[in-house]
Amino acid sequence: MIAPAATLEAEADRLLKALLHVDCEPSGRRWNYETCLALAPLTLEINRLKREKDAVILTHSYVDPEIVYGVGDFKGDSYFLSLAAKQAKAKVILFAGVVFMAETAKILSPDATVIVPDRGSGCSLADSITGEELRRLKALYPDATVVCYINSTAEVKAESDVCVTSGNVYHIVANLPARRILFVPDRLMGQNVRDELRRRGVDKEIITSDGTCMVHDQFSPADIAAARAQFPGLKVVAHPECTAEVAAAADFVGSTGAMMKFVKTSGAPYYLMLTECGLVGRLQVEAPEKNFIGGCRLCPYMKLNSLEKIRDALATPRPDQIVTLDEGMRRRAARCIERMFELSPTD
Ligand code: 13P
Ligand code: SF4
């Protein structure tokens, strides 16, 4: 069904209002009235399908901004989106993010049909360790409490005692009764946890597996030094998936949600965001007065999401786009995530 010209124009205006200032993409893609008018039939159709199917769309901040601002109902970091998935009352949850996030939504909302637009949207962290490999590691450290970063498969969550996100990892690990922690799958975040807990005077032994995020492990202290030399007063904002050297040289380290909050509430002349480019896009929409300098990178998995795939998956999902989990495994994984909700800081 083709929308009337006035409806398309109103939708193009709505999109342009959000996307006008976004220019962070290495591709150089910009949004103007013409590009927004071209997107309007798709966003209108997706928003109509959402009503028809009783669906909500959860969008991680790293997906393209026309998805976040054109069709997203909830936008944020992994913790926020997990809570949104748990509380969702809709029959259908479409997760514009990556597969482990859609699996998490299914774990927490088992009665909903959970859809992932592209089954290939993996994650170098989640894909770095299987349930079987974790079982072997656990056998080597039987006294350890097993903590999994949310960037892990449902299988790995089912083998873990407690899940954490980038927003609550320090708090949860610091407050666990066990001294020995087996932390999977992010080796770099594991080192950041060691360093932070040492700073807080908390005595823990952190054993990690060997995964890294293929986006965040690319940043280096040399990038930071070069940027600081060129932009006096610069604030460097990093994600805890970066190396310990990068985290030590940054002004702020936190989840994507916390990074956004930091930028919005501080008054620096320039920011260097050591994370995926989509977050800079979100800030250009929500804090257009801030200045960002280069240095961000793309996650190829997050970028597999597109409006076309979302429309097609909502209209008639293929079997590979519907998340299904073994019920026993789902229940065990749910326990590990529920434990995270219980142990998370309340502020
Ligand atoms: P956040 O939970 O901080 O958004 O991190 C998710 C992620 O995949 C970072 O690479
Ligand atoms: Fe995984 Fe890194 Fe992509 Fe986040 S940015 S989804 S951690 S590969």
Side-chain angles (χ1 to χ4, degrees), residues 24 26 58-64 67-68 72 74-85 95-105 108 116-129 148-153 156-157 163-172 183-190 192-193 208-219 237-243 246-247 250 252-263 273-283 286 295-305 337 340-341 344-345:
C24 62
L58 274 51
T59 58
H60 189 271
S61 299
Y62 291 165
V63 301
D64 284 335
I67 300 175
V68 177
F74 298 91
K75 40 186 166 293
D77 63 16
S78 305
Y79 186 78
F80 172 83
L81 294 173
S82 307
L83 268 181
F95 213 123
V98 291
V99 170
F100 81 78
M101 295 179 175
E103 280 188 349
T104 303
L108 295 168
V116 56
D118 192 314
R119 197 73 205 192
S121 54
C123 164
S124 64
L125 279 171
D127 298 338
S128 70
I129 184 167
C148 68
Y149 183 34
I150 198 161
N151 293 38
S152 54
T153 61
V156 163
K157 288 186 177 81
C163 182
V164 294
T165 69
S166 52
N168 56 33
V169 55
Y170 301 139
H171 176 91
I172 291 183
F183 181 76
V184 295
D186 192 340
R187 171 169 58 81
L188 301 181
M189 187 178 284
N192 285 320
V193 174
T208 67
S209 60
D210 198 25
T212 64
C213 163
M214 62 190 287
V215 177
H216 292 89
D217 70 4
Q218 299 294 309
F219 297 113
V237 186
H239 195 274
E241 291 169 11
C242 294
T243 65
V246 165
F252 179 82
V253 181
S255 67
T256 54
M259 292 168 89
M260 282 191 74
K261 197 166 163 192
F262 176 82
V263 172
M273 305 300 290
L274 299 181
T275 190
E276 213 273 353
C277 236
L279 198 74
V280 180
R282 279 212 56 195
L283 282 161
E286 296 184 23
C296 68
R297 291 167 198 255
L298 299 181
C299 171
Y301 300 118
M302 290 282 184
K303 269 31 190 190
L304 287 175
N305 289 276
I337 304 174
M340 167 179 81
F341 290 134
S344 285

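Order of listing sets the numbers, starting from 1, for every ligand and every atom in it.
With a 4.0 Å cut-off on non-hydrogen atoms, T165 does not touch ligand 1 at all.
Using a 4.5 Å cut-off on side-chain heavy atoms (C-beta onward), E103 and F95 make no contact. Contact check for L81 versus F74: side-chain heavy atoms found under the 4.5 Å cut-off. Using a 4.5 Å heavy-atom threshold, the side chains of F341 and S82 count as touching. No side-chain heavy atom of F100 sits less than 4.5 Å from a side-chain heavy atom of T153. Y170 has its side chain within reach of V193: a pair of non-hydrogen atoms, C-beta onward, lies under 4.5 Å apart.
Shown in contact with H60 at under 4.0 Å from a heavy atom are these atoms of ligand 1, numbered in order with element: 1 (P), 4 (O), 6 (C). Near Y62, with a cut-off below 4.0 Å to any heavy atom, the atoms of ligand 1 are 7 (C), 9 (C), 10 (O). For ligand 1, the atoms sitting less than 4.0 Å from at least one non-hydrogen atom of S255 are 3 (O), numbered in the order shown with element in parentheses. The contact set between ligand 1 and H216, taken as ligand atoms under 4.0 Å from a residue heavy atom, comprises 10 (O). Taking a cut-off of under 4.0 Å to the non-hydrogen atoms of H239, the atoms of ligand 1 that pass are 1 (P), 3 (O), 5 (O), 9 (C). Ligand-side atoms of ligand 1 in range of N151: 7 (C), 8 (O), range being under 4.0 angstrom from any heavy atom.
For ligand 1, one of its N or O atoms has an N or O atom of S166 under 3.5 Å away.
With sequence neighbours excluded, the residues that form a salt bridge (Lys or Arg N to Asp or Glu O under 4.0 Å) with D118 are K309. A search for side-chain contact (heavy atoms from CB on, under 4.5 Å) contacts involving T165 returns S78, Y79, I150, N168, M340, not counting sequence neighbours.
Once rounded to the nearest 0.5 Å, the distance linking CG of L274 with CG of L279 reads 11.5 Å.
The closest protein non-hydrogen atom to atom 2 (O) of ligand 1 is S78 OG, 2.8 Å. Here the heavy atom of the protein found nearest to atom 4 (O) of ligand 1 is T256 OG1, 2.5 Å.
The residue among M189, M214, E241 with a heavy atom at the shortest distance from atom 9 (C) of ligand 1 is E241.
Distance alone, capped at 3.5 Å, is enough to place a donor-acceptor pair between the N192 side chain and the C242 backbone.
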Show me the donor-acceptor pairs, under 3.5 Å and distance only, between side chains in residues 255-263 and residues at least two apart or in other chains.
unit_1: S255; atom_1: OG; unit_2: D77; atom_2: OD2; d: 3.3
unit_1: S255; atom_1: OG; unit_2: G257; atom_2: N; d: 3.4
unit_1: S255; atom_1: OG; unit_2: A258; atom_2: N; d: 3.0

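Note that R282 lies outside the cation-pi zone of Y62, set by a 6.0 Å cut-off to the ring centre and a 45° limit from the axis.
Protein N/O/S atoms closer than 2.8 Å to atom 2 (Fe) of ligand 2, listed by chain and residue number, are C213 SG.
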